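Treat the numbers as computed from the prediction; the structure is a model and nothing was measured. Chain letters run A, B, ... following the sequence lines, proteins first, then strands; residues in each count from 1.
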There are 4 protein chains.
Amino acid sequence: MRSIEYSQKDILIFNGVINLIKGGANPYLITVSEIAASAGVGKGTIYDYFESKEEVIKKAILFNFNNEIDYFYKKIATKKGFKEKYYEIFNSIVENLQNKFSTVNILMTLGKLPEFHISEKQDSCEFNKHILRIQAIIDDLLVSGYKEGIIKKIESQYYQNMVIKSSLFSFTNYMSMQMIYKETSVKEAMDAAYKIVIKSLN
Amino acid sequence: MRSIEYSQKDILIFNGVINLIKGGANPYLITVSEIAASAGVGKGTIYDYFESKEEVIKKAILFNFNNEIDYFYKKIATKKGFKEKYYEIFNSIVENLQNKFSTVNILMTLGKLPEFHISEKQDSCEFNKHILRIQAIIDDLLVSGYKEGIIKKIESQYYQNMVIKSSLFSFTNYMSMQMIYKETSVKEAMDAAYKIVIKSLN
Amino acid sequence: MRSIEYSQKDILIFNGVINLIKGGANPYLITVSEIAASAGVGKGTIYDYFESKEEVIKKAILFNFNNEIDYFYKKIATKKGFKEKYYEIFNSIVENLQNKFSTVNILMTLGKLPEFHISEKQDSCEFNKHILRIQAIIDDLLVSGYKEGIIKKIESQYYQNMVIKSSLFSFTNYMSMQMIYKETSVKEAMDAAYKIVIKSLN
Amino acid sequence: MRSIEYSQKDILIFNGVINLIKGGANPYLITVSEIAASAGVGKGTIYDYFESKEEVIKKAILFNFNNEIDYFYKKIATKKGFKEKYYEIFNSIVENLQNKFSTVNILMTLGKLPEFHISEKQDSCEFNKHILRIQAIIDDLLVSGYKEGIIKKIESQYYQNMVIKSSLFSFTNYMSMQMIYKETSVKEAMDAAYKIVIKSLN
DNA sequence: TATGAATGAGTTTTCATTCAT
DNA sequence: AATGAATGAAAACTCATTCAT
């Protein structure tokens, strides 16, 4: 379960990348100079800690995913009931919306994003860890649902999973495309997403 | 309703781009030389028809969206019943899956993809047209559902919309992440997605 | 004395070049497309009549020089007295000023301009012809001066020549740098240039 | 009075450009590769110090003008009498003749040369400084002439100015067109130019 | 004969990476 | 250990020239 341990300098550089991306930069178009400036280090320093630009950006994104999932997980764990947990996720999504490469995006595309050359074995492994952690969040949610009798019929594991993901997708889609859903309020979007779960799993 | 008219050479070049992307190339990393080679024209020719590399790629992607939506729309129109239409969409998704920038992706991310600098007015307008056409497909589907009494309760327009999108998302997600859903067959994934609609809209 | 004979199409193309230059274009930066457009012919046509872009521009400039010197010569010949001829030259310079590659410029730089690769023998020969024709104008002027007793002392041929050129230079310089000679009127500049001749050759 | 301060690398690159031009290259046809090779730096280095090829060449020419005028000014200042100063200018012109873009050329065309797109304000300002410095040289010369009583009659400022410029033009023209003045020696050309001043300003 | 679409050689420019300090 | 100046390979882009029509 232990993640790769990163040095303070590693993290400093990651934050440089993350801030660029959160500021709207396209990961594919970021330059080393930009990273160095954003991280407040020299360009050469980056090569003292990483092999290539690709590696820095890839690892920075994965590092950020990890952190955001942690944060997400903890926030949801503080809530007790199914509905409270669910709406806590909605709130996190709202909070997270600015970040183009945020956990929100993981949940939405569920793994489509880190296409940043997931070729090597190590990356693929890292990536799988993320999927498992997202799965854990969903499982936690489902367990709460069972306990409270909100999720009654015992559908297949796959179906239950997909209902949750789909429902969350619907809210994420609302948030990221708000401009085309002008007549719907955030509250209504949350309620609609929640209704999808309730009806589908009942 | 009429889209921008393109010359044969424009389309030849677009196909060069589209084939690269379908072959797995990242739109942000494609070079002009690659486009030229893929289209079977000289590098200079591309600049006789377009202002810049960015313009070619952006327009090629939008052109392809347009075509795929057309194809999608026509395929679905051939089917009569709600369920048949729905499963026709599933089939199209299966068919389409190779294309990273396919209609499937539009439907899934519903507009998140063409982030390829949709800043200028013209692009934004083009983009809106796509959203409207996707909406038309969804509306067509809903109408069939009403007629057949499959969609009974009159929920909000927004909710109905989101149910369809979420359900389609679930199948698209299955297809694009098949490696993590090894115990679930394509048929089961379709049925699960269909069940989400039926339960949510009933 | 007979100049190269040019076809109508040659001349059409030359005028394309000349118009571009008179419009402020830099001869070194003119493109074949621009010439074709300016001449109202196809790009290919230019290559039916000339070997290369360089050749077209070079010949066009020389052709224009020739024409302008002709015109110049004729205008001056219409005047009888030394002073009238001299002021006629001034008037021609004023008239000519817009044209960056005008006879004015020949007179001013006296041959420095057609540096447009005067390497081949033929060009060099063409170029010499121009110098001779300018010389003829100056000689004609000097003869008038002798006849009228304005040019008294018999200085060396070289000196007399240079006095005329220098004096004309002074006026040309005034015209082309008018912005730095704001307190001096055109009339005063002409008179000053004339005074230089009178005093130097007296 | 202080000019833009340039770094050592800037100057290294400028010298690359200047050497090419002094070697006969046409400023409009110089390539970045040539500049890099001539300056002994990598192509990329040029872009670390300048925005574009145009900027390098333009600034290099202005830089060179500045230096040559300095040199010119100092050389003339070492001489005391009017005639000695005047002949010192002639000597500088002889010395300078190789350089196509030398001070000689400034003096001759008096500002026509840096047509290298002097459009922006900063360039225009730089350029004005050059004109003022040339003017200072001429003024210095005129003062010497007054003191020695060589320049007697008090003609207009403009006239005196133009006499000097015209006279210098005559010698510069001799030097740059020596091939057409084969019967005249350098000494004779100097004497003729000097005679123009003496007679015109007396 | 006249054309302009097509080309690719040759430019300008960028930027990941290195390495002397 | 940290830097950023320097580099050149590789990219975008231009345009003289060709050639099928």
Side-chain angles (χ1 to χ4, degrees), chain A residues 7-10 12-13 28-37 39-57, chain B residues 7-10 12-13 28-37 39-57, chain C residues 7-10 12-13 28-37 39-57, chain D residues 7-10 12-13 28-37 39-57:
Chain A
S7 76
Q8 291 224 271
K9 196 60 66 108
D10 285 335
L12 183 68
I13 294 168
Y28 289 106
L29 305 180
I30 289 174
T31 68
V32 175
S33 296
E34 285 166 347
I35 297 172
V41 300
K43 243 185 306 176
T45 305
I46 290 169
Y47 287 88
D48 289 340
Y49 290 84
F50 301 94
E51 291 291 312
S52 69
K53 184 186 78 158
E54 287 250 302
E55 192 198 328
V56 185
I57 296 175
Chain B
S7 75
Q8 292 223 270
K9 192 62 59 118
D10 285 336
L12 184 68
I13 294 167
Y28 288 107
L29 304 180
I30 290 175
T31 69
V32 175
S33 298
E34 283 166 351
I35 296 171
V41 300
K43 234 183 314 171
T45 304
I46 290 169
Y47 288 91
D48 287 342
Y49 291 85
F50 302 95
E51 292 289 314
S52 67
K53 184 185 77 158
E54 285 248 304
E55 192 199 327
V56 188
I57 296 176
Chain C
S7 77
Q8 292 222 271
K9 195 60 66 105
D10 285 335
L12 184 67
I13 294 167
Y28 288 106
L29 305 181
I30 288 174
T31 68
V32 175
S33 296
E34 285 167 348
I35 296 172
V41 300
K43 243 186 306 177
T45 305
I46 290 169
Y47 286 88
D48 290 340
Y49 291 86
F50 301 95
E51 292 290 313
S52 69
K53 184 185 79 158
E54 287 250 303
E55 192 198 327
V56 186
I57 297 175
Chain D
S7 75
Q8 292 222 271
K9 193 61 60 116
D10 285 335
L12 184 68
I13 293 168
Y28 288 106
L29 306 180
I30 289 174
T31 69
V32 175
S33 297
E34 284 166 350
I35 296 172
V41 300
K43 234 183 312 174
T45 304
I46 290 169
Y47 288 90
D48 287 342
Y49 291 86
F50 301 95
E51 292 290 314
S52 68
K53 185 185 77 158
E54 284 249 303
E55 192 199 325
V56 187
I57 297 177

Whole angstrom value for the distance that separates [atom2] of [N] from [atom1] of [X]:
X: C/Phe50; N: F/dA16; atom1: CZ; atom2: P; answer: 15 Å
X: C/Ile57; N: F/dA16; atom1: CD1; atom2: C1'; answer: 11 Å
X: B/Glu34; N: F/dA12; atom1: CD; atom2: C1'; answer: 13 Å
X: B/Asp10; N: E/dA5; atom1: CG; atom2: C1'; answer: 13 Å
X: A/Ile13; N: F/dA1; atom1: CD1; atom2: C1'; answer: 12 Å
X: B/Gln8; N: E/dA5; atom1: CD; atom2: P; answer: 14 Å
X: A/Ile46; N: F/dG4; atom1: CD1; atom2: P; answer: 11 Å
X: C/Tyr28; N: F/dA16; atom1: OH; atom2: C1'; answer: 18 Å

Query - Touch class at under 4.0 angstrom, heavy-atom based, for C/Tyr49 against every strand present - result: sugar-phosphate
Query - Side-chain donor-acceptor contact under 3.5 Å, B/Thr45 with B/Asp48 - result: no
Report task. Using both pair distances under 3.5 Å as the test, note the stems of at least 3 consecutive Watson-Crick or G-U pairs that include DNA chain E. Result ->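 Result, WC/G-U stems under 3.5 Å: E:2-21 with F:2-21.
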Requested in this report: Using atom types as modelled and distance alone, determine if a side-chain donor or acceptor of C/Lys9 lies under 3.5 Å from a backbone N or O of C/Ile46.
Outcome: no
Query raised in the report: Sub-3.5 Å donor-acceptor pair from the side chain of B/Lys43 to the main-chain atoms of B/Glu34, do we have one?
Result: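 Judged by distance alone, no pair lies under 3.5 Å.
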Report task. Can you check each nucleotide of nucleotides 16-21 of chain E against protein heavy atoms at under 4.0 Å and return B for base, S for sugar-phosphate only, - for none, in 5' to 3' order? Result -> SBB---
Report task. Step by step, work out the side-chain contact (heavy atoms from CB on, under 4.5 Å) result for A/Ile57 and A/Tyr28. Result -> CA-CA 9 Å; A/Ile57 296 175; A/Tyr28 289 106; over 6 Å; no
Query raised in the report: Hey, mind stepping through A/Val56 and A/Tyr49 against side-chain contact (heavy atoms from CB on, under 4.5 Å) and telling me if it holds?
Result: CA-CA 9 Å; A/Val56 185; A/Tyr49 290 84; over 6 Å; no
Report task. Drop me the distance from C/Lys53's NZ to C/Tyr47's OH, to the nearest 0.5 angstrom. Result ->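 Here the rounded value is 8.0 Å.
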